[in-house]
Amino acid sequence: MDCQNQQNAFNEAMEKIQVQLKEELAEISKQTEQKTEELNDEFKNENDLAQDVGAVAGTVVGGVLGGPVGGLAGGQIGKQIGSFFTIEIGSQEHKISFDLPEIAVKNQDWIFNIPSVTMKNSDIIFDLPTLVMKTIDGPPIWKTKVEMKTVCHNIPFGKVCFDQPQVTGWWDKTYIDVPTWENRETRIVLGVPEITNNEQRIIIGVPEVTMKTKEIIFNLPTIKIMFIKDAGKELAGKLEKIALAAQEDAAEKEGNMKERMKLELTEPANAMFDCYRIQIVEERTKFADNYDLEIKKLTDALFNLKANNVPETDNDYVNQKAQLDAQIANRNLALIKFDEAIQKFDNERQDAINKMIGL
């Protein structure tokens, strides 16, 4: 992004003010000449001298617009206005000094260690708590069974045998399955990040603001009016008022130029400052985006470990988390250089604007 357009707009705004002042001063000269012609027409058929002499022949009224008004005797006079006086319009070089901001872009070499992350497959072995069902002895239960046994009894006339039920009982074992946590060795293959820090040199154009005193040179009109012959008091008084009004008007235009500078240059100056500031911000964003691409690789690798149930206490997880935290800290530290450059430019900008508007 080139800020030349904004720089040109600032210079053009300043040039416009100078041209406007020149045109306004030229208009004052034109109107003064017109008023003297109208005054001559007003008095050419009147006997103004009846009221006594107000200016003798050869008296000169006027001078540099904005300078002292007075009567001067003699002098080389130019265009004749009627029969009473002549008018000479010339110019005199005049200077006004202003403190205006100037921006110079200076290249600075900034050196950073930029990480380069490559992923390499690696066996990761860790103990993973696993819920299993384990068979254990349960509470014994009492069991019984009935069996028919033949029982014989001797009687007087012989022996009698018959089947008789018999009940036996015993405690029988039982077994139950209960859930149990046990650590089982788990082996997975994941991409493990390897970091190489490479020194990278970046050339940054950093704008620097200084205040330069600029001299505005313009031609201030000179108007001299000389009486060709004696004139009465009324004519002489009116002519002197015309010369005085021209001088006061020119002095006012010159005085307003500084106020005009403050009002009309503030906006293009801020546009110029904004452009240079955006350049630094864009460089900061580009640097941060490139750094974040490498950080994302570390973040994704850590996410994969969690997705595969690797505990946060595992050495691989702890190491990768430490690498990620370190690179984030390094990125933030590197961005401080950009932030400091932006803050310095903002301070210089505000100081320049304050001086330009007279704060």
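If you're wondering where the values come from, they're calculated on a predicted model, not measured in any experiment.
Residues I342 and V281 meet the side-chain proximity criterion, which asks for heavy atoms closer than 4.5 Å. Between I28 and K253 there is a side-chain heavy-atom pair separated by less than 4.5 Å. T266 has its side chain within reach of M356: a pair of non-hydrogen atoms, C-beta onward, lies under 4.5 Å apart. In this structure the side chain of V318 never reaches within 4.5 angstrom of the side chain of E312, judged on heavy atoms. Counting heavy atoms from C-beta outward, C161 and V151 have side chains that stay 4.5 Å or more apart. E208 places none of its side-chain heavy atoms less than 4.5 Å from the side chain of F345. Counting only heavy atoms from C-beta outward, the side chains of M14 and L265 approach each other to under 4.5 Å.
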Practice problem: Test M272 against C3 for side chain to side chain contact (heavy atoms under 4.5 Å, CB included), laying out the working first. | Solution: CA-CA 7 Å; M272 179 175 63; C3 296; 5.8 Å; no

(request) Could you please spell out the steps behind the salt bridge (Lys or Arg N to Asp or Glu O under 4.0 Å) verdict for D346 and R277? (result) CA-CA 8 Å; D346 287 343; R277 189 183 194 279; 2.8 Å; yes

Trace of the side chain to side chain contact (heavy atoms under 4.5 Å, CB included) decision for M261 with E259: CA-CA 5 Å; M261 286 279 193; E259 286 303 315; over 6 Å; no

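Within the structure, salt bridge (Lys or Arg N to Asp or Glu O under 4.0 Å) contacts touching residues 324-338 (residues at least two apart or in different chains) are D292-R331, K321-D325. Pairs engaging residues 321-343 under the ring-ring contact (aromatic ring centres under 6.0 Å, His included) rule: W110-F338, F287-F338 [sequence neighbours left out].
Note that CG of D274 is 12.0 Å distant from CD of Q279, once rounded to the nearest 0.5 Å. One distance of note links CD of E102 with CZ of F10; it measures 9.5 Å at 0.5 Å rounding. A distance of 8.0 Å separates CG of N11 from CD of Q4, quoted to the nearest 0.5 Å. The line from CD1 of I17 to NZ of K22 is 16.0 Å long, rounded to the nearest 0.5 Å. We find the OG1-CD distance between T299 and E294 to be 11.0 Å, quoted to the nearest 0.5 Å. The OG1 atom of T174 sits 6.5 Å away from the CD1 atom of I141 when rounded to the nearest 0.5 Å.
Under the rule for a side chain to side chain donor-acceptor pair (under 3.5 Å), the partners of K344 that lie at least two apart in sequence or sit in another chain are E348. Listed by chain and residue number, nothing satisfies the side chain to side chain donor-acceptor pair (under 3.5 Å) test with E12 (two or more places apart in sequence, or in another chain). With sequence neighbours excluded, the residues satisfying ring-ring contact (aromatic ring centres under 6.0 Å, His included) with F162 are H153. With sequence neighbours excluded, the residues satisfying side chain to side chain contact (heavy atoms under 4.5 Å, CB included) with E27 are K30, Q31. Applying the side chain to side chain donor-acceptor pair (under 3.5 Å) test to T150 and every residue at least two apart in sequence or in another chain returns D163. Judged as a salt bridge (Lys or Arg N to Asp or Glu O under 4.0 Å), and not counting sequence neighbours, K16 has no contacts. Legend: residues meeting side chain to side chain donor-acceptor pair (under 3.5 Å) with Q343, ordered by chain and number and at least two apart, are N347. For Y276, the ring-ring contact (aromatic ring centres under 6.0 Å, His included) test picks out no residue, with sequence neighbours left out.
Using a 4.0 Å cut-off between charged nitrogen and carboxylate oxygen, E340 and R284 do not count as a salt-bridge pair.
Remark: the D316 side chain and the Q320 side chain contain no N/O donor-acceptor pair separated by less than 3.5 Å. In summary, the side chains of N319 and Q323 do not present any donor paired with an acceptor at a separation below 3.5 Å, with no hydrogens or angles considered.
In this structure, the side chain of D249 does not engage the main chain of A245 through any donor-acceptor pair within 3.5 Å.
Across every non-hydrogen atom of P101 and V209, the tightest pair is CB-CG1, 4.4 Å. Between Q6 and C275, the shortest heavy-atom distance links the atoms OE1-SG, 3.7 Å.
In the hydrophobic clustering of ILVMFWY residues, with side-chain heavy atoms under 4.5 Å counting as a link, L263 and L21 come out apart. Under the 4.5 Å side-chain heavy-atom criterion for ILVMFWY residues, no single connected hydrophobic cluster contains both M211 and I353. Grouping the Ile, Leu, Val, Met, Phe, Trp and Tyr side chains by contacts below 4.5 angstrom, directly or via other members, places V105 with F273.
Hydrophobic side-chain contacts under 4.5 Å tie L333 into a cluster, directly or through other members, with I336.
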Identify all side-chain donor-acceptor contacts of residues 164-173 below 3.5 Å with residues at least two apart in sequence or on another chain.
| unit_1 | atom_1 | unit_2 | atom_2 | d |
| --- | --- | --- | --- | --- |
| Q166 | OE1 | K149 | NZ | 3.2 |
| D172 | OD2 | K143 | NZ | 2.6 |

